[in-house]
Amino acid sequence: MGWFDSLLGADGRKFIKRKDSDAGEAGRALEELRSSLYNELRTSEGAKHQQQRFCGPVVAMSFNFVVAVGIILTNKLVMGKVGFNFPIFLTLIHYFIAWILLAFFKALSLLPVSPPSKTTPSSSLFSLGAIMAFASGLANTSLKYNSVGFYQMAKIAVTPTIVLAEFVLFRKTISLKKVLAVAVVSAGVAVATVTDLEFNAFGASIAIAWIIPSAINKILWSNLQKEANWTALALMWKTTPITIFFLVALMPWLDPPGVLLFKWDLNNSTAVLISALLGFLLQWSGALALGATSATSHVVLGQFKTCVILVGGYLLLDSDPGFVSLCGAVAALGGMSVYLT
């Protein structure tokens, strides 16, 4: 090494030592950052902070928007073209796949820890898991028996239900400006989807029965994350087994017989699996959006996407929903922009 040292000279040796020192400092800083992040995820407060840091309102609602559009179209395909006429069992598959993925995250220590048990009564988690089974199961059943337009029309009733429930339970109010904006959005969606309404007595009954569980489900998801430091994934891990139990109980009542006779070939199984993966992403993104915003904002987003699909189809796919429907969609988009300001 003597000839190498003499070749470098004193200045060269100092430069290399300085570079080695800089690399060592960078490595230590990176290790400290990794250790700090890992330690933050080991507490419910730290995990909640990281969720808020990386998934704010815009990211969460955009994520939920994209997934929600995808799963509505996919589930309609699965229950229509594929012929999987078992909406509750489809929902059960969604939550079972979600539970497997969450167990995998937990095994890799990627699942955020839950808040101390004393901060959240077991009855609250049990209630959320049960209500989620009814909200998700009835939503897919409604989608099976109703047109997409009627399905979206039923969502309009969820908004005033949430506002009323939050006022009764928490004395929470919203400003007159937002009330008027929500009214414009709801009216716009009603006008935009009026041409796609196919009335079915059983489907309408399911849609009406779905309204209250859907509203309470959104309120509980939002409230537990904001008040008790729950993260979306930790809350999903605790409630998914309860939801699965109630979905199994609902199957004999709402699903037709013959699920074992379904043709599980490669194409059909792939379609159902894609639906299940989107179901996991929908649950996760919906929980993130509810934790970052509010139950009312989340349901208004659901109405907003209906109008975006309609306007996008007109602009990009040459579809012709009609002048009246387009006016309703544009009005709803305008109401949504006012609501967000």
Side-chain angles (χ1 to χ4, degrees), residues 64 67-69 71-76 78-80 84-95 98 127-166 168-169 182 185-186 189-190 193 196-222 239-240 242-256 275 278-279 282-283 285-287 289-290 295-306:
N64 184 242
V67 175
V69 171
I71 198 169
I72 287 176
L73 298 177
T74 301
N75 282 356
K76 201 65 179 175
V78 168
M79 290 184 284
F84 192 82
N85 297 314
F86 313 97
I88 301 297
F89 187 53
L90 179 63
T91 310
L92 178 63
I93 294 173
H94 287 186
Y95 280 93
S127 298
L128 177 57
I131 290 170
M132 195 157 49
F134 285 91
S136 301
L138 292 176
N140 278 340
T141 305
S142 175
L143 191 60
K144 176 184 183 298
Y145 289 101
N146 297 309
S147 65
V148 174
F150 193 92
Y151 173 80
Q152 295 294 344
M153 281 283 283
K155 283 188 174 182
I156 294 175
V158 176
T159 308
T161 304
I162 289 174
V163 173
L164 178 61
E166 288 190 323
V168 172
L169 296 174
V182 168
V185 172
S186 299
V189 172
T193 57
D196 186 34
L197 299 184
E198 296 176 10
F199 184 80
N200 175 293
F202 180 74
S205 300
I206 293 295
I208 293 171
W210 166 77
I211 291 171
I212 292 178
S214 177
I216 296 175
N217 180 55
K218 294 178 187 298
I219 292 171
L220 288 177
W221 270 102
S222 181
T239 57
T240 297
I242 302 168
T243 303
I244 289 173
F245 172 81
F246 278 93
L247 286 171
V248 170
L250 280 175
M251 276 183 59
W253 298 94
L254 294 175
D255 271 358
S275 174
L278 285 174
L282 179 68
Q283 186 186 0
S285 63
L290 285 164
T296 306
S297 298
H298 185 251
V299 75
V300 170
L301 174 69
Q303 296 171 3
F304 171 69
K305 69 174 177 283
T306 305

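As a basis for the values below, the full set of heavy atoms in this structure was taken, side chains included, without hydrogen atoms, waters or symmetry mates.
The side chain to side chain contact (heavy atoms under 4.5 Å, CB included) test with His94 singles out one residue from Thr240, Leu247, Asn140, and that residue is Asn140. Screening Leu138, Ile162, Val158, Ile216 for a side chain to side chain contact (heavy atoms under 4.5 Å, CB included) involving Ile211 leaves a single residue, Val158.
The CD1 atom of Ile212 sits 13.5 Å away from atom CG of Asn217, with the distance rounded to the nearest 0.5 Å. Note that OG1 of Thr91 is 11.5 Å distant from CD1 of Ile244, once rounded to the nearest 0.5 Å. Taken from CG in Asn64 to CG in Leu290, the straight-line distance is 7.5 Å, to the nearest 0.5 Å. Here Ile88 contributes atom CD1 and Thr141 contributes atom OG1; the two are 3.5 Å apart, rounded to the nearest 0.5 Å. Between the OG1 atom in Thr74 and the CG atom in Leu282 there is a gap of 11.0 Å [rounded to 0.5 Å]. Put simply, CG on Asp255 and CG on Asn85 are 9.5 Å apart, with the number rounded to the nearest 0.5 Å.
The two residues Ile71 and Leu278 have their closest heavy-atom pair at CD1-C, 3.7 Å. Summarising the geometry of Val248 relative to Pro252, their closest heavy-atom pair is O-CD, 3.4 Å, with the distance given to 0.1 Å.
Between Tyr145 and Phe202, the two ring planes are perpendicular [angle over 60°; tilted spans 30° to 60°].
A donor-acceptor contact shorter than 3.5 Å links the side chain of Trp210 to the backbone of Ala135. For Ser222 (side chain) and Lys218 (main-chain N/O), no donor-acceptor pair under 3.5 Å exists by modelled atom type. In terms of modelled atom types and a separation under 3.5 Å, the side chain of Thr243 and the main chain of Gly129 share a donor-acceptor contact.
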TODO: May I have the step-by-step check of side-chain contact (heavy atoms from CB on, under 4.5 Å) for Met132 and Trp221, ending in yes or no?
DONE: CA-CA 10 Å; Met132 195 157 49; Trp221 270 102; 3.3 Å; yes
- [ ] List the steps and the verdict of side-chain contact (heavy atoms from CB on, under 4.5 Å) for Leu250 and Phe134.
- [x] CA-CA 8 Å; Leu250 280 175; Phe134 285 91; 3.7 Å; yes
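With contacts defined as side-chain heavy-atom distances shorter than 4.5 Å, the pair Tyr95/Ser136 qualifies.
Within a 6.0 Å radius of CZ in Phe246, other residues, nucleotides and ligands contribute more than 12 heavy atoms.
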